[in-house]
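Worksheet: the structure to be examined is printed underneath.
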Amino acid sequence: MFRRYPNPIQLILIIVLGALTASVIQAQPIQRSMNIAWGSGFYAEKDQLISPFRYEDQSMLVNLGYTQQRPDKVTSLQVFYALGSATAATNSYRDYHRISLQHRIQYLVWQDPHWNIYLGGRSGVEALLTQPVINSHGLEVPLNKSGYFRLPLSLSAGADWEPQKGHQIHLQSDLPLISYIIRSDYALVAPQTFGELLSRGTLASWNRLQGFNNEVSYSFQFATRTRLRVTYRAHFLRYDQPLPIKELSQSLIFGLEITI
Amino acid sequence: MRHWIFVVYLLTLALLVGCKDALVGTDPSDDPVSNFDEFWTRMDQMYSFFEYKDLDWDSVYTVHRPTIHDQTSNAELLEVFDEMVQTLRDGHVNIFAGTQTLSYTGWYDQVPANFDINDLSGYLQHRKHLDNFLYGDISDEIGYVYIESFSGSIDFSSFDTVMRLMSNKQALIIDIRDNGGGSDLNSDHVASYFHDTTRVYGYVRWRNGPDHDDFTDWRAKKIKPGKSRFLGQAVVLTNRRVFSSAENFVLAMRYSPQVTIMGDTTGGGSGNPIYQELPNGWTYRLSRWQQVDRNYRFYEQRGLIPDEVVWINSQHAQQDRDTILEQAVDKLSGS
């Protein structure tokens, strides 16, 4: 799946050519659906630019999306938004907003009466805006707003399993191969403290996982055009410069999927 | 075979998310060695003035690390930390251990104060307070405003009110002596009253890598004209305890043609500090950036020399006279 030093240009070319090829072979029927979901989950973050402690929270999550499905290809656009206030053992905390916009294109690579297996790619934007407050000598010291903005390009694999008519289990994995990240530093509040401390691209390698996004969902069709969906989502991100930041979120999301 | 896909996927997922500690990491262990290592390492990775001050941080480790062991008490650890703090010669480096604060005070404690707020009463008419601002009249033409802090917790809309009251004055004295800083947002807000156009008044760059000379490019700091402006002449009064954001204010004001800086050299604190946490719950702060004036001259440790250097001599101090304020009044009166 990975090479030690994957060539990003080759990778982009493969994905773009794949998308072009597929777009030529598409005279098949299209099914479109919208989904809306709400959930909550566990969030853990350790940002060593500011603290050696782990900050944790039970965050809330909202998800909106659009999916277009052909017999041989699935395209989806999903938006996730979460907010919360993660706290450390020292009672320092950081309010945060996380938003993720994902565009995924996957092609059917294997099929039997109950299974469809897809492979493809995912691009998107992930952003975190956070306001840390350090609990220092009995005072709450607010630092400037900070965060990151990340553009990952990921390898995607998905599987649909229909054990009975109307019931479906969907598995989805995304592994980022290339990321471009802009990350700002922390300081006391000042006009110049938000912005381009770092902006650089990173490549995945065998010994350094940049992150993953894994989902398992169960859906049940309870009306002709409507499905109920329950999704478990695990998302991990890591970035090492200039000091490591790591984030793990696990969410349980309940939603509706409506065919349009 | 197909069901194995499902089972293997779920097992892999369970393994990944079950490894929360491995993925995100655990809280640091709280023992003297970990606390020492954490402080030394973070300073090594993030502090912005090692190279400028020609500090050998490795030798600090070599000297102090062998003295730390599992049985080291908090008091002993604080003694070691205090020596490390003094080595850095930076008023922006502190350790906060409960009620105790470790600080370097060499930037002001060897020079006269050049300020006693009690002496102002002999000069001010209609002396009033509005929140954190003391103001009054020196004469019908000259107003006086004392800003004791630029702290981010102070509501500077009160300063706008004070400036409205001063709008009929032909000249103004802005006294920031003993102002230890706060937020650059507030100091820029005050300075914006005295600029008629946008001006670059300095540059900052962040430490951004493991080597002591890893920095971002210089980024300009600009002051823009405020919504309201004071059009007359102004004198800013300084002393050695003017520090950090208060020096940022001096820097922004010195490039206004209507402003004169008067008093003593400032304290020399140009590194915006960040607060950090130690495993035992103590906190500390350290300078994250370097700031220079618009000619790229450093003022860290050196301070900003005023346009007119004035000290309160000992005889005047005994007579409760404020020589610096008197000279500012003379300048604005045209005598």
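First the proteins, then the strands, lettered A, B, ... as listed; each starts at 1.
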Exercise. Hey, mind stepping through A:L49 and B:M46 against side chain to side chain contact (heavy atoms under 4.5 Å, CB included) and telling me if it holds?
Worked result: CA-CA 8 Å; A:L49 259 183; B:M46 301 174 82; 3.7 Å; yes
For this session: Over all heavy atoms of both residues, which pair between A:N135 and B:T283 is shortest? Give the atoms and the distance, please.
Result: O-CG2, 3.6 Å
Exercise. Does the side chain of A:S92 pick up a donor-acceptor pair with the side chain of B:E277 at under 3.5 Å?
Worked result: yes
Problem set entry | Best-contacting candidate, A:E247, A:R54, A:K46, A:Q48, against chain B by heavy atom pairs under 4.5 angstrom | A:R54
For this session: For B:D82, check side-chain hydrogen bond (donor to acceptor under 3.5 Å, both in side chains) against everything at least two apart and list the hits.
Result: B:Q86
Exercise. Hey, what do you get for CD1 (A:I134) to OH (B:Y284), rounding to the nearest 0.5 Å?
Worked result: 10.0 Å
Problem set entry | A:K246 to B:L23 - nearest heavy-atom pair and separation | CD-O, 3.0 Å
For this session: Below 4.5 Å from any heavy atom of chain A, which atoms of B:D21 appear? Answer side chain, backbone, both or neither.
Result: both
For this session: Might you point out which heavy atoms bring B:G281 and A:T90 nearest each other, and give the distance in Å?
Result: CA-CG2, 4.3 Å
For this session: Could you check if a side-chain atom of A:L248 sits within less than 4.5 angstrom of a side-chain atom of B:K20, using non-hydrogen atoms only?
Result: yes
For this session: Tell me, please, which residues at least two apart from B:T41 pass side-chain hydrogen bond (donor to acceptor under 3.5 Å, both in side chains).
Result: none
For this session: Tell me, out of A:A89, A:S173, A:S51, who's got the most heavy-atom pairs with chain B below 4.5 Å.
Result: A:S51
Exercise. Could you give the distance from OG (A:S136) to OH (B:Y275), rounded to the nearest 0.5 Å?
Worked result: 5.5 Å
Exercise. So which part of B:R42 gets closer than 4.5 Å to some heavy atom of chain A, the side chain, the backbone, both or neither?
Worked result: side chain
Exercise. So, for A:P52 and B:P28, which heavy atoms are closest and what is the spacing to 0.1 Å?
Worked result: O-CD, 3.3 Å
Exercise. Do other residues, nucleotides or ligands put more than 12 heavy atoms under 6.0 Å from the CG atom of B:D213?
Worked result: yes
For this session: Provide the closest heavy-atom pair for B:P279 versus A:F53 in the form atom of the first, atom of the second, distance.
Result: O-CZ, 3.5 Å
Problem set entry | Region of A:E140 in contact with chain B, defined by heavy-atom distances below 4.5 Å | neither
Seminar exercise, completed: Tightest non-hydrogen contact, residues A:I50 and B:Q276, listed as CA-NE2, 3.1 Å
